[in-house]
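Computed from a prediction, not measured in an experiment: that's the story for all the values here. Proteins get letters first, then strands, A, B, ... in listed order; numbering begins at 1 in each.
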Protein chains: 2
Amino acid sequence: MSTAASSPGRPGRRPSTSQVELEKVAFRLFDRDGFDATTVDDIATAAGIGRRTFFRYFDSKNDVVWGAFTEQLDQMRAGFCARPDNEPLMESLRAVVVEFNRVAPGETERHRRRLELILRVPALQAHSTLRYADWRAVVAEFAADRLGEETGGLRPQAIAHAALGTALAAYEHWLGRPGSDLCAVLDTAFTDLARGFGGAGEGAASGRGADSAAGADFGEETRGS
Amino acid sequence: MSTAASSPGRPGRRPSTSQVELEKVAFRLFDRDGFDATTVDDIATAAGIGRRTFFRYFDSKNDVVWGAFTEQLDQMRAGFCARPDNEPLMESLRAVVVEFNRVAPGETERHRRRLELILRVPALQAHSTLRYADWRAVVAEFAADRLGEETGGLRPQAIAHAALGTALAAYEHWLGRPGSDLCAVLDTAFTDLARGFGGAGEGAASGRGADSAAGADFGEETRGS
DNA sequence: CTTCCATTTGACACCCGGTGTCATTACCGT
DNA sequence: ACGGTAATGACACCGGGTGTCAAATGGAAG
């Protein structure tokens, strides 16, 4: 996995392209024709490579969308390690997930289109589950460590699953509201999660960052259905 | 959708089989050869119908596994309606989800095999996301109603996503422990969720049904990885 | 019984994603 | 120039899914 650029002094023919290059080509086509209408042949042809070669750069057409996801997970793992041990679990979780999703200002449009594909194209929605498993594993590992339980135990796994769900809801919310701040939405959602969604103490404002974050973009729904 | 058995006095040729019959045939093959190794042709042949006809009974090979899921969702919706209005949201949620998963004693093995397929076969894991969306919609609708917010709002959606995640974690936990009680596991997990996973008041036992439920099957992990 | 209509069926042809195989091509160091 | 190494792409194949259309089936009307 992961093609080293081209170590100097490496024997053999050099790759005729790269994952990133291929990704660019593909995204251009996805933008133009949509994900489903773009065939692997289209991408390969546009990139000037053979169909078979495409599948040496990506395991599947779906995987094109995910870019350097695996590497980013390492970052997230590192983020967890960096949190102080005495910080409440759910607060560390919130902080890391929010930070994990902070992208450079110029990159947010790119991030948006990526998320849009993943969350809106059924084929990618489905496939994403497989990728999310890795994300969850990172969270579960952290939670298990903090709780002193097994990674595979119910609580760590439930936390990981619930965290993922919460993040997905935030993503969707953000996508539906151009101009909104993803980090703020995530912060709100994870604060809610840590509170059990009002389960214990619905009341007014015992909130910490939640209120300010909420203020950032809590307009009413614009959609129907 | 949903083939009426055979309304008396309905013109036209009668179906040569039914979804349930097809499902039985398919499950037998899945058990014997595994999901991936079983082709649609295999199922069709075993059922004595044409390949094309199979796809008139199911939208996809994946859908075979889901049985009467849509109908069950109606039950769940009804379950939500039956809860008293003054009950805390997350408590209603827990109660309904637990009840939703209570199956007749004789059916639990069948339920188990179904869940095993959905949660363990990658192709089905992926596909399941699409089905879960309906489940989430039911939960979100209920949550929105209780909160007086839009169904598409962040909180209802986050709750729905988190609830789904929690349920999945419970399913997996249950699957990994033959003999354990699914409802008890679900109860525990949802109680935890409503508490924000210890986010507010980690302490000992402020729990209600949680402790008894937990006692039912909280052995330590047996798996590695 | 025949005719008409509604409906299901299945054969056939396609498309597309994904994989195994293998000769070919390109590049390295010698 | 040579040999090893790695990427490439043509080819064939599998399997899921779809559009099309003629044929089969059965109820109801004549």
Protein-nucleotide distance ([X], atom [atom1]; [N], atom [atom2]), rounded to Å:
X	N	atom1	atom2	answer
A/R13	C/dT24	CZ	C1'	8 Å
A/R52	D/dA6	CZ	C1'	15 Å
A/N62	C/dG17	CG	P	10 Å
A/F55	D/dC14	CZ	P	18 Å
A/R10	D/dG4	CZ	C1'	14 Å
A/D33	C/dC16	CG	C1'	15 Å
A/D36	D/dT18	CG	P	12 Å
B/D41	C/dC12	CG	C1'	13 Å

Is [X] close enough to [N] that one of its side-chain N or O atoms is under 4.0 Å from OP1 or OP2 there?
X	N	answer
A/Y57	D/dA7	no
A/S16	D/dT8	yes
A/R14	C/dC27	yes
B/T53	C/dT9	no

Can you work out whether A/G48 or B/K61 has the more 5'-proximal nearest nucleotide on DNA chain D?
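Per heavy-atom nearest nucleotide, the more 5' residue is A/G48.
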
Tell me which nucleotide among C/dG17, D/dG17, D/dT8 gets nearest to the side chain of A/P15.
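Shortest atom-to-atom distance from the side chain points to D/dT8.
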
Nearest to the side chain of A/T39, which nucleotide is it out of C/dG17, D/dT8, D/dC21?
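Out of C/dG17, D/dT8, D/dC21, the nucleotide with an atom closest to A/T39's side chain is C/dG17.
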
Any ion pair linking A/E99 and A/R102 (charged N to carboxylate O, less than 4.0 Å)?
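Counted as a salt bridge, because a side-chain N and a carboxylate O are separated by less than 4.0 Å.
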
Sidechain N-carboxylate O distance under 4.0 Å for A/R110, A/E23:
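Judged by the 4.0 Å cut-off on N to carboxylate O distance, A/R110 and A/E23 do form a salt bridge.
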
Picking from B/W66, B/Y171, B/F69, what satisfies ring-ring contact (aromatic ring centres under 6.0 Å, His included) with B/Y132?
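Going through the options one by one, the only one that passes is B/W66.
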
B/R51 or B/P11: which one's nearest nucleotide on DNA chain C is closer to the 5' end?
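Checking each residue's closest nucleotide, the 5'-ward one belongs to B/P11.
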
For B/G50 and A/F54, find the nucleotide of DNA chain C closest to each by heavy atoms; which residue's nucleotide sits nearer the 5' end?
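Upstream on the strand: B/G50.
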
When you measure only distances, ignoring hydrogens and angles, does the side chain of B/R56 come within 3.5 Å of the base of C/dG10 through a donor and an acceptor?
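Side chain to base: pair found, below 3.5 Å.
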
Does the side chain of B/R32 pick up a donor-acceptor pair with the side chain of B/T38 at under 3.5 Å?
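Note: B/R32 and B/T38 side chains miss the donor-acceptor criterion.
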
Just checking B/G12: base, sugar-phosphate only, or nothing, at a heavy-atom cut-off of under 4.0 Å?
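The answer is base, as B/G12 lies within the cut-off (heavy atoms under 4.0 Å) of a base atom.
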
Of all heavy-atom pairs between B/G152 and B/Q157, which one has the smallest distance, and what is that distance?
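That would be O-CG, 3.7 Å.
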
